[in-house]
Amino acid sequence: MSHRLDFVIFNGIAKDWRVVLTNETLERHRIKYTYQPYVGPEYFDENFIDNDIEKALNNPKFVFQNIRIAKPPADRKLLEIREGREWVVFYSEFLNEEVKNIIDGACYVENIKIVVIRDFANKVLHIQSFHKTPHIAEKEYIESTKDINDTTYRTINGYHF
Amino acid sequence: MDIISKIIKFIINIMKTSNPNQFQKKLRDGVEKLCISVFKEKWRMYYDLEMDVLHLTAPKLSEKFVLFPVNEKNMSIRVNYKGKLEGVVIDNFQSFFVAENPEFFDFAEGIAKIALPNYIEVKKDNKLSNNKLSNNNVRALIYEFCKMMFLQPEPSIC
């Protein structure tokens, strides 16, 4: 299968790692959103996939390990790494000029959220999913990763994940 | 100043403004009538299991839209370029929203089973077969949306 997006990160936090977005991943998004394409139009935007994702990965503002609170009650704060694999979330800000004009010149920043799986053996980041969001949810719960190669376990309220 | 605080301030100003332009007027009306229009227009509820995002959207959507954050954590409203409110979006629904609002745990479990491309149509006489997706649960969630939008305190940073 040919790769839709395949490049090496130069300036980002995962320097010298290869990034791969397969047709399989894109096809999965397409199937999900075919019935309501405008729910997530970025999945169909060529410019977003070719340029914005590459920019975001090369200059990320925040990088977090993706966390999931497994089961309520919430106060247990049990966390798991999804499907036993290590997921990393990249966030990058970009200014939306079109919207700036609508809201009377106010600065409007959107974040691109990209979820990747690390393949340590080959130094490859496999893109699993991506979308635009105004929020960075992990910010409140965990510290941003400084180095993608960092394998130390991080904790939230004493629990390892 | 935090960008989210700026946008929250912008939304609050829209709600308060006495002589709004067309964009602001439409947005204000949309937010005020959210509860009514969700049932009347038969909005749809989607859940993206992979990204953990819950969408509550109008049946007809515009191609170009903006997501204005309602709170600083995970909730935002979807507005088209003309100012019409077209939906509510919650990021990290199961991870963080349900963790902080455990009353929605049953609902979250139910909706995870009908993830995208499937959806729920929200209407008054909807006979939802799954107990976890009962009308009461759906209503409670929509009520929560409205509550958060109207009772959001004005951020002190602004």
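Below, chains carry the letters A, B, ... as their sequence lines are ordered, and counting in each starts from 1.
Annotation for B:H55 and A:Y33: closest pair NE2-OH, 4.0 Å, computed over non-hydrogen atoms. Taking both residues in full, the closest heavy atoms of B:M75 and A:H135 are given as O-NE2, 2.9 Å, listed atom of the first, atom of the second, then distance. Here the closest heavy-atom approach between residue A:K132 and residue B:L67 is recorded as O-CD1, 4.1 Å.
With sequence neighbours left out, A:K61 forms a side-chain hydrogen bond (donor to acceptor under 3.5 Å, both in side chains) with A:E93. Looking at residues two or more places apart in sequence or on another chain, you find a ring-ring contact (aromatic ring centres under 6.0 Å, His included) between B:F97 and B:F93, B:F104.
Interface remark: B:V89 contributes no atoms to any contact with chain A (heavy atom separation under 4.5 Å). Proximity to chain A is limited to the side chain of B:Y46, based on heavy atoms less than 4.5 angstrom apart.
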- With side-chain contact (heavy atoms from CB on, under 4.5 Å) as the test, would you mind laying out the steps for B:R78 and A:Y38 before giving the verdict? CA-CA 11 Å; B:R78 179 196 165 113; A:Y38 300 142; 4.0 Å; yes
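Counting heavy atoms from C-beta on, the side chains of B:N92 and A:K113 come closer than 4.5 Å. Counting heavy atoms from C-beta on, the side chains of A:P134 and B:V66 never come closer than 4.5 Å.
Here the CG atom belonging to B:L116 is positioned 11.0 Å from the NE2 atom belonging to A:H29, to the nearest 0.5 angstrom.
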